[in-house]
2 protein chains.
Amino acid sequence: MSLPAHNNELQAADRLTLYKQIRHDIERRILTGEWPPGHRIPFEHELMARYRCSRMTVNKALSELAQADLIERRRRAGTFVRRPQHLSAVLKIADIRAEIIALGRSYAYELIQCSRRAANAADRARLGVRKAGKVIAIACRHSADNVPFAIEDRLIDLDTVPEAAAADFTIEPPGSWLLHHVPWTEAEHTISAMVADEGTAAELDIAVGAPCLVIDRYTWRSARTVTAVRLLYPGESHRLIARFKGG
Amino acid sequence: MSLPAHNNELQAADRLTLYKQIRHDIERRILTGEWPPGHRIPFEHELMARYRCSRMTVNKALSELAQADLIERRRRAGTFVRRPQHLSAVLKIADIRAEIIALGRSYAYELIQCSRRAANAADRARLGVRKAGKVIAIACRHSADNVPFAIEDRLIDLDTVPEAAAADFTIEPPGSWLLHHVPWTEAEHTISAMVADEGTAAELDIAVGAPCLVIDRYTWRSARTVTAVRLLYPGESHRLIARFKGG
DNA sequence: CACGATTATATGTCTAGACATATATGTCAA
DNA sequence: TTGACATATATGTCTAGACATATAATCGTG
C-alpha cells in the first residue's frame with residue numbers, strides 16, 4: 001500500500017487533471033457517508049503525500065470544496081466535513097419562450113395590453129422606487145401547443161432601461177427582450193399560490209377557483225430597479241425544478 | 001497613471017486579499033455593465049501588469065468568476081463576459097423548525113399519523129424503488145405562533161435509513177431528524193399549487209378551496225432513495241426566496 | 001484552579017517559474 | 001475558394017518554495 005499510492009487512492013479516470021481527481025475523490029467520500037459531517041479530512045501535507053503532489057494542488061481541490069460548502073476549513077484546526085444547515089436548490093427560471101421551445105412544444109405569444117405612463121403610487125410601490133418616473137406596463141400570455149402556459153404582468157422602469165421604449169413587445173416577449181438587453185441583473189423571487197379569479201381564469205383558460213402558482217420577481221441592477229413581474233401558472237402544469245445539495 | 005496602478009485600479013478596502021480585490025473589481029465592472037456580455041476581459045498577463053502581481057493570483061480570481069458562470073474562458077481566445085442564459089435563483093428550504101425559530105416565532109409540532117409498513121405500489125412509485133421494502137409513513141403539522149404553518153406528508157425508505165426505525169417522531173419532526181442523521185443527500189424539488197380539499201383545509205385551518213403551495217421533494221443518497229415528502233403551505237403565507245444571478 | 005502569555009501548526013495567500021493543451025489564425029497547396 | 005497543415009498564443013495545471021495569520025494547545029503565574 002505504499003508505492004503507487006496515486007493509483008490506489010484515485011478511482012476517477014486518468015484524463016481528469018490531478019486536482020479534479022482529488023476533489024472528486026474527497027467529494028465521493030463525503031457524499032457516500034464514508035466521511036460523515038464533523039470528520040476531519042487529512043491535512044494538506046498528508047494529502048500531498050497521498051496524492052504525491054504539491055500543496056497548491058491539494059489546496060485548489062480543497063478550496064473548491066470549501067466554496068461549495070461541502071467542507072469547512074479552520075486555521076490551525078484542520079478541514080472538516082460540514083453539516084448542511086439547509087436544503088438548497090438551484091431554481092432555474094428560464095426565459096419562458098426558450099423554456100417552451102426547449103421542451104419541443106410550439107410557442108405562442110400574445111400581447112394583451114401594453115401602455116407607457118408616469119408611475120402611479122401602486123407602480124412605485126411595486127418597483128420600490130420613490131420618485132415618479134415613466135414606466136411600461138405590460139400584460140401578455142405565453143402558450144405551449146396553443147394551451148395557455150403562463151400569463152405575465154410586468155412593469156419596466158424606463159428611467160433604468162430607456163431602450164425599452166423602442167422595443168416592440170407585440171413581437172417579442174418582454175422577458176426575452178430584457179434578457180438580451182439588460183444582462184446581469186440581480187433578482188428576488190417570491191413563490192406563492194392563489195386561486196384563479198374570473199379574469200385570470202379566462203386568460204389561462206381554466207376554471208374559476210382553480211389553483212395557480214405565482215412567481216413574483218423583482219429585478220435590479222446595481223441599486224437601480226429594472227423590472228417587477230408577476231407570472232401566473234396554472235397549478236396542474238406543475239413547475240420545474242431541481243437540483244441538489246442538502247441534508 | 002502609472003506608478004501605483006495598484007491603488008488606482010482597486011477601490012475595495014485594503015484588508016481584502018489581493019485576489020479577492022481583483023475578483024470584486026472585475027465582478028463590479030460586469031454587474032454595473034461597464035463590461036457588457038461578450039466583452040473581452042484583459043488577458044492574464046495584462047491583469048498581472050495592472051495589479052502588479054503574479055499570474056497565479058490573477059488566475060485564482062478569474063477561476064472563481066468562471067466557476068460562478070460570470071465569465072467564460074477560452075484557450076487561445078481569451079476571457080469573456082458571459083450572457084446569462086437563464087434566471088437562476090438559489091432556493092433555500094430550511095428545516096421548517098429551524099426556519100420558524102429563526103423568524104422569532106414559537107414553534108409547535110404535532111404528529112398526526114405515523115406507521116411502519118411494507119411498501120405498497122403507491123409507496124414504491126412515490127419513492128421510485130422497485131422491490132418492496134419497509135417504509136415509514138408520516139403525517140405531521142408544523143405551526144408558528146400556534147397558527148398552522150405547513151403540513152407534511154412523508155415516506156422514509158427503511159432499507160436506506162434503518163436507523164429511522166428507532167427515531168421518535170412524536171417528539172422530533174422527521175425533517176429535522178433526517179437532516180441530522182442522513183447528511184449530504186441530493187434532492188429534486190417540484191413546486192406547484194393546489195386548492196385545499198376538506199382534509200387539508202381542516203389540517204391547515206383554512207377554507208376549503210383556499211390556495212396552497214405544494215413543494216414535493218424527492219431525496220436520495222448516492223443512488224439510494226432516502227425519502228419523499230410533500231409539504232403543503234397555505235398560499236397567503238407566501239414562500240420565501242431569494243437570490244440572484246440572471247438576466 | 002483560573003487566566004493570560006507563548007508557541008506550534010494548519011490554513012491562506014502569493015511568487016516565479018514550467019510544461020501541457022486547446023484553438024484562432026495564417027500559410028500553402030489542391 | 002477550400003481544405004490541410006503549421007504556428008502562435010491564452011488559458012490550464014502544476015511545482016517548490018515563502019511569509020502571513022488565526023487559533024488550538026501549552027506553559028506559567030497569580
Side-chain angles (χ1 to χ4, degrees), chain A residues 4-7 9-10 12-27 30 35 37-82, chain B residues 4-7 9-10 12-27 30 35 37-82:
Chain A
H6 198 109
N7 292 324
E9 298 302 338
L10 301 173
D14 270 17
R15 54 194 158 70
L16 265 67
T17 58
L18 180 51
Y19 96 86
K20 280 182 182 161
Q21 291 180 51
I22 299 173
R23 176 158 66 78
H24 288 144
D25 189 41
I26 295 174
E27 193 169 325
I30 294 173
W35 288 348
H39 176 89
R40 208 209 74 225
I41 285 178
F43 298 129
E44 291 188 349
H45 69 264
E46 294 174 296
L47 293 171
M48 284 171 67
R50 176 182 294 194
Y51 296 110
R52 305 214 184 291
C53 64
S54 76
R55 205 183 129 220
M56 277 299 284
T57 302
V58 166
N59 186 276
K60 179 157 187 172
L62 293 177
S63 294
E64 289 194 1
L65 290 172
Q67 218 183 325
D69 274 342
L70 237 72
I71 61 175
E72 182 183 357
R73 316 200 72 198
R74 291 204 304 274
R75 274 171 157 141
R76 167 71 210 244
T79 301
F80 302 85
V81 178
R82 277 188 64 126
Chain B
H6 199 110
N7 292 324
E9 298 300 338
L10 300 173
D14 270 18
R15 54 194 158 69
L16 265 66
T17 58
L18 181 51
Y19 95 87
K20 280 183 182 162
Q21 291 181 51
I22 298 173
R23 176 159 65 75
H24 288 144
D25 189 41
I26 295 173
E27 193 170 326
I30 293 173
W35 287 347
H39 176 88
R40 208 209 75 224
I41 285 177
F43 298 129
E44 290 188 349
H45 69 263
E46 295 175 298
L47 293 171
M48 284 171 67
R50 177 181 295 195
Y51 296 110
R52 305 215 185 290
C53 64
S54 77
R55 205 184 129 220
M56 278 299 284
T57 301
V58 166
N59 186 277
K60 180 158 187 171
L62 293 176
S63 294
E64 290 194 2
L65 289 172
Q67 220 182 322
D69 273 343
L70 238 72
I71 61 175
E72 181 183 358
R73 316 201 71 196
R74 292 203 303 273
R75 274 171 157 142
R76 168 71 210 243
T79 301
F80 302 85
V81 178
R82 278 187 64 124

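Throughout, protein chains are lettered first and strands after them, A, B, ... in sequence-line order, and every chain is numbered starting at 1.
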Enquirer: At less than 4.0 Å, is any side-chain N or O atom of A/Lys60 found next to OP1 or OP2 of D/dC14? Yes or no.
Expert: no

Enquirer: Just verifying a value: how many Å separate B/Cys53 SG and B/Ile22 CD1, rounded to the nearest 0.5 Å?
Expert: 4.0 Å

Enquirer: Separation of B/Ile71 atom CD1 from D/dT11 atom C1', in whole Å?
Expert: 11 Å

Enquirer: Can you tell me if A/Thr17 touches the phosphate of D/dT13, counting only side-chain N or O atoms and a distance under 4.0 Å to OP1 or OP2?
Expert: yes

Enquirer: Please confirm whether the shortest side-chain N or O distance from B/Thr57 to OP1 or OP2 of C/dT15 is below 4.0 Å.
Expert: yes

Enquirer: Cut-off 3.5 Å, side chains only: do B/Gln21 and B/Tyr51 have a donor facing an acceptor?
Expert: no

Enquirer: Taking N and O atoms by type only, does the side chain of A/Arg55 place a donor or acceptor under 3.5 Å from a partner on the base of C/dG12?
Expert: yes

Enquirer: Using atom CZ of B/Phe80 as one end and atom P of D/dA10 as the other, report the distance to the nearest whole Å.
Expert: 11 Å

Enquirer: B/Met56 CE to C/dA16 P: how many Å, rounded?
Expert: 13 Å

Enquirer: What integer distance in Å separates B/Arg75:CZ from D/dA8:C1'?
Expert: 15 Å

Enquirer: Can you tell me if the side-chain N/O atoms of B/Arg74 get under 4.0 Å from OP1 or OP2 in C/dA22?
Expert: no

Enquirer: Output all residues satisfying salt bridge (Lys or Arg N to Asp or Glu O under 4.0 Å) with B/Arg75, sequence neighbours left out; order by chain, then residue number.
Expert: none

Enquirer: Report the distance from atom NZ of A/Lys20 to atom C1' of C/dT21, rounded to the nearest whole Å.
Expert: 12 Å

Enquirer: Checking all strands, does A/Thr79 fall into the base, sugar-phosphate, or nothing category for heavy-atom contacts under 4.0 angstrom?
Expert: sugar-phosphate

Enquirer: In terms of side-chain geometry, is the basic nitrogen of A/Arg40 or A/Glu46 positioned less than 4.0 Å from the acidic oxygen of its partner?
Expert: yes

Enquirer: Could you measure the distance from the CD1 atom of A/Ile30 to the CG atom of A/Leu70? Nearest 0.5 Å is fine.
Expert: 4.5 Å

Enquirer: In a check of side chain to side chain donor-acceptor pair (under 3.5 Å) between B/Thr79 and each of B/Glu72, B/His39, B/Glu44, B/Arg73, which one passes?
Expert: B/Arg73

Enquirer: My understanding is that only residues two or more places apart in sequence, or in another chain, count here; which of them pass ring pair (Phe, Tyr, Trp, His ring centres under 6.0 Å) with B/Phe80?
Expert: none

Enquirer: For B/Glu44 and C/dT15, give me the distance from atom CD to atom C1', rounded to whole Å.
Expert: 15 Å

Enquirer: Given that A/Ala77 and A/Ser54 both sit by DNA chain D, which one's nearest nucleotide is further toward the 5' end?
Expert: A/Ser54

Enquirer: Tell me, which stems hold DNA chain C, with a stem being 3 or more Watson-Crick or G-U pairs in a row and both distances under 3.5 Å?
Expert: C:1-30 with D:1-30

Enquirer: Whole-Å distance between C/dG12 C1' and B/Tyr19 OH?
Expert: 8 Å

Enquirer: Between C/dA24 and B/Arg76, counting only base atoms on the nucleotide and side-chain atoms on the residue, is there a donor-acceptor pair under 3.5 Å?
Expert: yes

Enquirer: Please report the distance, rounded to the nearest Å, between CE in A/Met48 and P in C/dA10.
Expert: 13 Å

